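Working notes, beginning with the structure itself.
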Amino acid sequence: MKILHILSPKTMLIALLIIGNASLAQSIWTNPITGSNPNSTDPYTIGQTVDANITVSGIGRGSGITGNAGNDRFNATAWTTSGLDLTDYYTFTLTPAANYKINLSSFEFTLQRSSTGPVNYALRSSIDNFTADISTGAFPMTAALQTVALSGAAFQNITSAITFRIYGYNAGSNVGTASVNDFTFNGTTTTLANDEFSNKNTILIYKQYNGLVVSSDFPIANLVIYDLQGRLLYNRMDINSSTTIINDAQIENQILVVRITTFENQVVIKKIFY
């Protein structure tokens with residue numbers, strides 16, 4: 001005879017909360033960073049798991065730091081011994097595929113430093129050209145998970161590449177080391193809403209000599225070009241003109257997906273053969 005176990009209301013509530021919280025933390029890019037000397041590859045992409053609707057850079061280093069031996073972690077040395085140096089950072093870039101947008105919820109990453117490594121860290125993003133701190137904290141000597149909420153409006157409805165940087169500073173010595181041992185970006189990817197595809201007839205796109213002309217009835221704010229696989233080929237921001245000519249893109253003969261955003265917040269997406 002089977003025995004039926006009845007859960008108490010309290011146990012059921014705890015289970016529901018656990019399930020609910022788990023559904024909120026959906027990974028769109030994660031890498032446990034394992035193996036011998038991951039620092040030897042920059043950027044490091046081995047072992048990462050990525051949402052099908054985005055492309056990513058892998059974890060990379062800024063020009064001010066140098067890879068350093070260390071297993072199961074992306075490790076570096078030559079950190080600044082003074083305040084924040086804009087070249088001393090770990091970097092991560094996420095790019096949504098054509099016709100998709102990213103809504104972020106959090107960024108989780110495990111940090112660790114040597115006794116003379118950087119004492120402090122700061123997280124910044126390309127949203128404001130890496131000007132303001134999203135989060136700051138102490139760089140731990142023992143590996144410790146850091147969780148930063150990214151639920152604010154600035155990190156929702158992302159339709160072009162976004163980059164995050166973890167800066168390390170105030171090292172005890174230039175030979176001190178610091179590493180990212182693993183990381184996860186949580187959030188969702190969704191298709192663009194129908195109203196984001198409206199008013200296509202206000203945009204004209206055509207080839208002219210070796211360039212591409214984009215003309216609109218309204219001033220163009222931003223323009224992004226992808227290939228059919230969703231890989232970012234070109235990105236121009238703050239155009240502020242109803243007509244723009246693209247002659248500096250390295251684009252071969254292929255079908256392109258062009259995404260234009262006007263200052264009236266119209267979003268138009270067209271496919272053309274270049």
Side-chain angles (χ1 to χ4, degrees), residues 16-34 43-60 73-74 89-111 121-137 144-167 180-197 221-222 224-227 229-233 235 237 257 259 261 265 267 269:
L16 288 172
L17 288 173
I18 293 173
I19 294 172
N21 287 336
S23 66
L24 292 175
Q26 177 181 337
S27 168
I28 60 173
W29 180 21
T30 187
N31 195 334
I33 310 182
T34 59
Y44 182 78
T45 61
I46 299 171
Q48 66 185 14
T49 303
V50 184
D51 185 288
N53 301 318
I54 65 173
T55 56
V56 299
S57 62
I59 178 174
R73 55 198 177 111
F74 196 66
Y89 57 81
Y90 288 122
T91 181
F92 316 77
T93 299
L94 306 87
T95 305
N99 302 348
Y100 280 86
K101 59 184 177 182
I102 300 172
N103 297 303
L104 292 169
S105 59
S106 65
F107 180 27
E108 301 173 355
F109 48 96
T110 299
L111 299 180
Y121 82 86
L123 176 67
R124 297 183 178 184
S125 84
S126 59
I127 291 290
D128 60 358
N129 198 29
F130 311 104
T131 301
D133 295 334
I134 301 170
S135 176
T136 60
L145 178 66
Q146 317 294 312
T147 300
V148 178
L150 297 175
S151 55
F155 303 109
Q156 311 305 305
N157 302 309
I158 299 167
T159 56
S160 59
I162 182 171
T163 299
F164 292 88
R165 292 176 179 174
I166 300 173
Y167 295 88
V180 173
N181 296 13
D182 55 63
F183 67 89
T184 299
F185 285 91
N186 295 308
T188 60
T189 60
T190 56
T191 55
L192 298 177
N194 289 334
D195 59 359
E196 293 177 284
F197 295 88
N222 307 319
V224 185
I225 300 176
Y226 304 90
D227 64 14
Q229 284 71 49
R231 291 174 296 206
L232 179 68
L233 302 178
N235 187 8
M237 309 295 286
V257 179
R259 186 178 192 278
T261 304
N265 289 321
V267 178
I269 297 177

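Please read these numbers as outputs of a predicted model, since none were measured by experiment. Each residue takes its place number in the sequence, starting with 1.
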Quick one: [atom1] on [X] to [atom2] on [Y], what's the gap to the nearest 0.5 Å?
{"X": "L232", "Y": "I225", "atom1": "CG", "atom2": "CD1", "answer": "9.0 Å"}
{"X": "I158", "Y": "L94", "atom1": "CD1", "atom2": "CG", "answer": "7.5 Å"}
{"X": "I54", "Y": "T189", "atom1": "CD1", "atom2": "OG1", "answer": "7.0 Å"}
{"X": "L123", "Y": "I134", "atom1": "CG", "atom2": "CD1", "answer": "4.5 Å"}
{"X": "N222", "Y": "M237", "atom1": "CG", "atom2": "CE", "answer": "3.5 Å"}
{"X": "T95", "Y": "N53", "atom1": "OG1", "atom2": "CG", "answer": "13.0 Å"}

Is any side-chain heavy atom of [X] closer than 4.5 Å to a side-chain heavy atom of [Y]?
{"X": "I166", "Y": "Y89", "answer": "no"}
{"X": "I162", "Y": "F155", "answer": "yes"}
{"X": "T159", "Y": "V224", "answer": "no"}
{"X": "F74", "Y": "N31", "answer": "no"}

Got a sec, which residues hit side chain to side chain donor-acceptor pair (under 3.5 Å) with S125, two or more places apart in sequence or on another chain?
->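 Expected list: none.
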
Can you list every salt bridge (charged side-chain N to carboxylate O under 4.0 Å, His left out) pair that touches residues 126-136, not counting sequence neighbours?
-> R124-D133

Does a donor on one side chain and an acceptor on the other come within less than 3.5 Å for S106 and N186?
-> yes

Look only at the side chain of T30 and the backbone of F183, and say whether a donor-acceptor pair between them is shorter than 3.5 Å.
->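 Yes, the answer is positive, given that a donor and an acceptor are paired below the 3.5 Å cut-off.
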
Side-chain (Q156) to main-chain (L150) donor-acceptor, under 3.5 angstrom =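 At least one qualifying donor-acceptor pair exists.
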
Test side-chain hydrogen bond (donor to acceptor under 3.5 Å, both in side chains) applied to N235 and S160, step by step | CA-CA 8 Å; N235 187 8; S160 59; 4.6 Å; no

Going by the side-chain hydrogen bond (donor to acceptor under 3.5 Å, both in side chains) test, name the single residue among N181, D182, T184 that passes it with T110.
-> D182

Atom of [X], atom of [Y] and distance for their closest heavy-atom approach:
{"X": "S126", "Y": "A161", "result": "OG-O, 4.4 Å"}
{"X": "G187", "Y": "I28", "result": "O-CG2, 3.5 Å"}
{"X": "F130", "Y": "T163", "result": "CE2-O, 3.6 Å"}
{"X": "P32", "Y": "G47", "result": "CD-O, 3.7 Å"}
{"X": "G58", "Y": "P43", "result": "C-CB, 4.1 Å"}
{"X": "I127", "Y": "A154", "result": "CD1-O, 3.5 Å"}

Does F185 have its ring centroid less than 6.0 Å away from the ring centroid of F164?
-> yes

Can the ring centres of F92 and F107 be said to be less than 6.0 Å apart?
->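 Yes; F107 has its ring centre under 6.0 Å from that of F92.
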
side-chain contact (heavy atoms from CB on, under 4.5 Å) with N157: which residues, sequence neighbours excluded?
->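 Partners of N157 under the side-chain contact (heavy atoms from CB on, under 4.5 Å) test: K101, N103.
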
